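Read through the structure below, which is laid out as structure tokens, and then see the notes.
Predicted model, so just to flag it, every value in this text is computed and none were measured.
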Amino acid sequence: MAFYQQQLSTGWTFRDRDSEQSDLDTWMPVPAIPSTVQQDLIANNKLENPYIGFNELKARWVNEKSWVYRHEFQRPKIPTGAKVALGFDGLDTFASVTLDGKTILESDNMFLGHRVDITEALLKSTEGKKYVLEIEFDCAQSRAREIREKYPDHKWVGFNGDIARLAVRKAQYHWGWDWGPIIMTAGIWRDVRLEVYAARVADLWPKTTNIDFDGKRASVTAIAKIDASSSTSKDLKASFRVSLRGHEIARQDDISVNTTDQTAKVKFEITDPELWWPHGYGSQTLYEVTVSLSHDGTELHNTTKKFGIRSAETVQQPDKHGKSFFFRINGVDVFCGGSCWIPADSLLPSIDAERYRKWIELMVAGGQVMIRVWGGGIYEDEKFYEACDELGVLVWQDFMFGCGNYPAWPEILESIRQEAVYNVQRLRHHPSIVIYVGNNEDYQVQEQAKLTYDYDDKNPNNWLKTDFPARYIYEKVLPEVVAEYSPATFYHPGSPWGDGKITSDPTVGDMHQWNVWHGTQEKYQIFATLGGRFNSEFGMEAFPHLSTIDYFVENDADKFPQSHVLDFHNKADGHERRLATYLVENLRTATDLETYIYLTQVVQAETMMFGYRGWRKQWGDSRHCGGALLWQLNDCWPTISWAIVDYFLRPKPAYYTVKRALRQLTVGVQREHHDWSVTHAQPPVKSGYELWVASSYRHEVLNATVELRFLSVVSGRDLRAPVVYDNVTITPNGTTDVLTNGVIDHIAEPEPHVLSARLWVDGQVVARDVDWPQPFKYLDLSDRGLEVRPETTRSAAGERQQILRVSARKPVKCLVFEERDGVRVSDSAMDIVPGDEQVVTITGLAEGDAPLKYRYLGQ
């Protein structure tokens, strides 16, 4: 028989398992599966939206409950020799599944999928009989605390949330984080299916090997794992075909299934393969491999997977800076500028394929080439990785361990091993995934709690006897799984981590640089001096746009900068003090909410600019910095956080400063830092400055022109003649130093002034940079003479768009345009200098729509 599948997505009911004599004791309808109990309670008017106001506190009772879900289905037709199975792609978290009162599955790991063979149970009845499927979800919060009490000898230490979370294989951010609420979801969070089949393809792995760039060949081994009934398995045949853009390019038929390991395997030699590249480096070519199973000439099942042909290396070699850490794709070194990713919602099933794609599209539009799936969330949905494949974003994939000393008793180690196998098998065909990483900051917990870690002790059994048994997970279990199931993918024990050295060592591995905002709270102007070989976390908080605050702040009386509800929606420790510190050090502060929002966004934008601009420059110095992944791209609820794009996909100004720093060609100019707080605001007499061009092109750019101007902040006039460098040859995939030892004599030029750099290629300005005297609070930035002149045009595709021509009589800092849903601006958070008109393109504005509002510093 042909494979039959029925999605069990509707017809479910649920109730509170333990309630008596209450409205939660009755069975309530579930709109659709996948879901969470919070979503279902909201749909039944039993819970207010936890994202609004203080409703998160009103929803905490849900975290303490256990829940039961019920579904009735009819026995399907079961041909002779067929199998019947229930597939559960995700149960959150302590789940007991019964069929007509008989337990068929017990699960305690949210990250595992399950299949249960129910053939025997269903064959006892006739076609059409109704079966009752119930799933009881025990309270994860209570179970975690019980487990913690059971193991008092383990050192339960970590950052964020209830530390009992370490005992439970559930998304760790559900327990509360320094950017997210405490929302302990439960429920059927991924699909449930009923399947009837004689044989099916359980897994298909297109394994790419032996890529020969010179000979223009690649080998692809397609390995199909088969699940078949005993009466069918002996005579199964498999047919494989490879296609490109819908056209078959290779095929092998009538392949016998190995009955010993139930696999079918073929090897294809692809000539002149089209490679998969990250965006900006080439096309995102995806091949398709399809396998069809047949028995006596009848097709029983087929499945298809997309894959890319590419090589990926994590290059770690000794050099003058220590030991490198960067990525090489198809033989090309790639500076991995990008972001860290947290789950895009606290209620995971609400994220659909379109929303995933919009997030990745924003990354690509912003020039970001890598995303790090952070270890306190989830192994993401297929749609997330498919979007990364199709749009060309490299994925750094953490395993789901975050900020803690995880236990390693035998039962949990086996669950972790199964979790790793399940998810690596599920994800390994995606060309976007280029690294697996054992955990997030668990080695930092080890350092801070002074747990035992002797890197030179290579006996894994000894690790289990120490007070840091999690080392066994990161340095034995996980690397063994990756080596077996995805051997071409690099494995890194932790983030940050480097050869067993202290995690803050800037010479090796990757680094989380939090001495801006956290730690010593350094000035953001020196961010580039604080980095390491690969900066995989760093950040600065900023408020979201007013429209987002309007969503979660219900009362106008609460719309002031330090209101109770706004503070409640900022989960970071000490956020009031740290925001105030960076604001008062750099800007003239304000008390009205709209201005305050803008000022926090200016600080975040400047922080990201200083970091990315400097680290991108270091790429050209023997790959001193291999990449920078800001914390964080997104939010899981409407909040105040380090995200550069808020929960509603509304970019903050920092998104645009990062976009400019990551363009394929950028120009940079920066004067040396003068610490005004140490000198008690005494201005420098002289300061040096540097001028450079960064390129990610693989070829030289010839005959470029670089111009440097010295413009008065006060009058807008040129304080000296511009310096022009003609016939500049721009080094490929690196940095070209135009000037390294320029000196500004401040006594001769008493006026505060900006350094304005422009880069011309083929007669066009392709990049700009403006360096400002610091701090901004000392500058009078009023009366800038800004002009924004709109024109309506049509794009090449015929789409209505608006062109804004922007100019100024005096230098303008951080011109930000309103973010409106459905409207996109090509640039924002811009610096404008006299004599350099800039153009902004706006799409999505309909005829008659109000023009976008804008503001700049000092307005």
Item to complete: In sequence, state the C-alpha distance, the side-chain angles, and the governing distance for Trp463 and Tyr453, and then conclude on ring pair (Phe, Tyr, Trp, His ring centres under 6.0 Å).
Response: CA-CA 8 Å; Trp463 309 340; Tyr453 183 52; 8.2 Å; no
Fill in: Nearest-0.5 Å distance that lies between atom CD in Gln397 and atom OG in Ser486
11.0 Å
Worksheet, complete the sentence: salt bridge (charged side-chain N to carboxylate O under 4.0 Å, His left out) test vs Lys323 passes for just one of Asp499, Asp510, Asp505, namely Asp499
Worksheet entry | Shortest non-hydrogen contact between Leu633 and Ser339, atoms and distance | CB-CB, 3.5 Å
Item to complete: Could you tell me whether Lys652 sits above the aromatic face of Tyr656, with NZ or CZ closer than 6.0 angstrom to the six-membered ring centre and within 45 degrees of the axis?
Response: no
Worksheet entry | Test salt bridge (charged side-chain N to carboxylate O under 4.0 Å, His left out) applied to Arg660 and Asp827, step by step | CA-CA 9 Å; Arg660 283 193 293 273; Asp827 208 353; 2.6 Å; yes
Worksheet item: Which of parallel (below 30°), tilted (30 to 60°) and perpendicular (above 60°) describes Phe325 and Trp396?
Response: tilted
Worksheet item: Are His429 and Phe307 near enough that their ring centres are under 6.0 Å apart?
Response: no
Fill in: Main-chain N/O of Val743 paired to Tyr689 side chain as donor or acceptor, under 3.5 Å
no
Discussion item. Is it the case that the side chain of Ser324 and the backbone of Gln317 share a donor-acceptor pair, with hydrogens and angles ignored and the cut-off at 3.5 Å?
Written reply: yes
Practice prompt. Could you tell me which non-hydrogen atom of Trp277 sits nearest to which non-hydrogen atom of Ile329, and how far apart they are?
Written response: CZ3-O, 3.5 Å
Worksheet item: What are the two closest non-hydrogen atoms of Ala654 and Met608, and how far apart are they?
Response: CB-CG, 4.0 Å
Worksheet item: When rounded to the nearest 0.5 angstrom, what distance separates NE2 in His753 from CZ in Arg671?
Response: 5.0 Å
Practice prompt. Working to the nearest 0.5 Å, report the span between OH of Tyr612 and SG of Cys625.
Written response: 9.5 Å
Item to complete: Decide, yes or no, whether a salt bridge links Glu537 with Arg372 under the criterion of side-chain N to carboxylate O below 4.0 Å.
Response: yes
Fill in: Side-chain donor-acceptor contact under 3.5 Å, Ser687 with His674
no
Fill in: Side-chain (Gln513) to main-chain (Leu530) donor-acceptor, under 3.5 angstrom
yes
Fill in: Check against side chain to side chain contact (heavy atoms under 4.5 Å, CB included), Tyr281 and Val334
CA-CA 9 Å; Tyr281 290 84; Val334 174; 3.7 Å; yes
Worksheet entry | Any donor-acceptor pair under 3.5 Å from His321 side chain to Ser622 backbone | no
Fill in: Side-chain (Asp398) to main-chain (Met400) donor-acceptor, under 3.5 angstrom
no
Worksheet item: Asn634 and Val645: side chain to side chain contact (heavy atoms under 4.5 Å, CB included), yes or no, with the steps?
Response: CA-CA 5 Å; Asn634 60 320; Val645 182; 5.9 Å; no
Worksheet entry | Shortest non-hydrogen contact from Gly366 toward Tyr655 | N-OH, 3.1 Å
Worksheet item: Mind checking whether Trp517 and Trp642 have parallel, tilted or perpendicular rings, split at 30° and 60°?
Response: perpendicular
Discussion item. Can you see whether Gln284 engages His279 through a side-chain donor-acceptor pair at a distance of less than 3.5 angstrom?
Written reply: no
Practice prompt. I would like to know whether Arg709 and Val833 meet side chain to side chain contact (heavy atoms under 4.5 Å, CB included); could you show each step before the answer?
Written response: CA-CA 10 Å; Arg709 297 173 66 194; Val833 299; 4.3 Å; yes
Worksheet item: Do Phe326 and Phe534 have ring centres separated by under 6.0 Å?
Response: no
Fill in: Row check, Trp676 ring normal vs Lys523 NZ/CZ: under 6.0 Å, within 45°
yes
Fill in: Under 3.5 Å: donor-acceptor pair, side chain of Gln618, backbone of Ala528
yes
Worksheet item: Does the pair Gln368 and Leu662 meet the rule for a side chain to side chain contact (heavy atoms under 4.5 Å, CB included), with working shown?
Response: CA-CA 7 Å; Gln368 299 187 41; Leu662 293 179; 4.0 Å; yes
Discussion item. Within the supplied structure, the quantity of interest is the number of heavy atoms (other residues, nucleotides, ligands) at a distance under 6.0 Å from Arg663 CZ; does it exceed 12?
Written reply: no
Worksheet entry | Any Asp836 side-chain heavy atom under 4.5 Å of Glu707 side chain | no
Discussion item. Angle between ring planes, Tyr524 versus Phe610, binned at 30° and 60°: parallel, tilted or perpendicular?
Written reply: tilted
Item to complete: Indicate yes or no: does Lys320 engage Asp621 in a salt bridge with an N to O separation below 4.0 Å.
Response: yes
Worksheet item: Any luck finding a side-chain donor-acceptor pair between Thr209 and Ser219 under 3.5 Å?
Response: no
Discussion item. Is it the case that over 12 heavy atoms from other parts of the model lie below 6.0 angstrom from the CG atom of Asp212?
Written reply: yes
Worksheet item: Has the side chain of Asp737 got a donor or acceptor atom that lies under 3.5 Å from a matching backbone atom of Thr740?
Response: no
Discussion item. Assess whether a salt bridge exists between Asp319 and Arg533, defined as any Lys/Arg side-chain N lying under 4.0 Å from an Asp/Glu carboxylate O.
Written reply: yes
Practice prompt. Report yes if the distance between the aromatic ring centroids of Tyr436 and Tyr485 is under 6.0 Å, otherwise no.
Written response: no
Worksheet item: Is the centre of the Trp619 ring less than 6.0 Å from the centre of the His624 ring?
Response: no
Fill in: Any donor-acceptor N/O pair, Asn535 side chain to Gly532 backbone, under 3.5 Å
yes
Fill in: Nearest-0.5 Å distance that lies between atom OG1 in Thr657 and atom CE in Met609
7.5 Å
Fill in: Backbone N/O of Gly688 and side chain of Glu672: donor-acceptor pair under 3.5 Å
yes
Worksheet item: Atom CD of Glu274 and atom CG of Leu286: how far apart are they, to the nearest 0.5 Å?
Response: 11.0 Å
Item to complete: Look at Glu606 together with Lys813 and state whether they make a salt bridge at an N to O cut-off of under 4.0 Å.
Response: yes
Worksheet item: Which heavy atom of Ile730 sits nearest a heavy atom of Ala704, and at what distance?
Response: CD1-CB, 3.7 Å
Worksheet item: Checking Arg616 side chain against Ala661 main chain: does a donor-acceptor pair fall under 3.5 Å?
Response: yes
Practice prompt. Could you tell me if the ring centre of Trp615 sits under 6.0 Å from that of Phe527?
Written response: yes
Practice prompt. Verify the distance criterion only: is there a donor paired with an acceptor across the side chains of Trp772 and Asp831 at less than 3.5 Å?
Written response: yes
Discussion item. Ring centroids only, cut at 6.0 angstrom: are Trp179 and Trp374 within range, meaning strictly under it?
Written reply: yes
Item to complete: Flag the pair Asp272 and Arg217 as a salt bridge only when some basic side-chain nitrogen lies within less than 4.0 angstrom of an acidic carboxylate oxygen.
Response: no
Worksheet entry | Side chains of Arg623 and Asp333 in contact at under 4.5 Å (non-hydrogen atoms) | yes
Worksheet item: How about Phe490 and Phe327: are their ring centres within less than 6.0 Å of each other?
Response: no
Discussion item. Checking side-chain polar atoms at under 3.5 Å, does Tyr582 have a donor or acceptor matched by the opposite partner on Gln604?
Written reply: no
Discussion item. A side-chain contact here means heavy atoms from C-beta on lying under 4.5 Å apart; do Asn727 and Thr729 qualify?
Written reply: no
Fill in: Reported CD1-to-NE2 distance for the pair Ile435 and His492, which is rounded to 0.5 angstrom
6.0 Å
Item to complete: Considering non-hydrogen atoms only, spot the tightest contact between Val516 and Glu522 and give its length.
Response: CG2-O, 3.7 Å
Worksheet item: Is the Tyr474-Tyr406 ring centre distance short of 6.0 angstrom?
Response: no
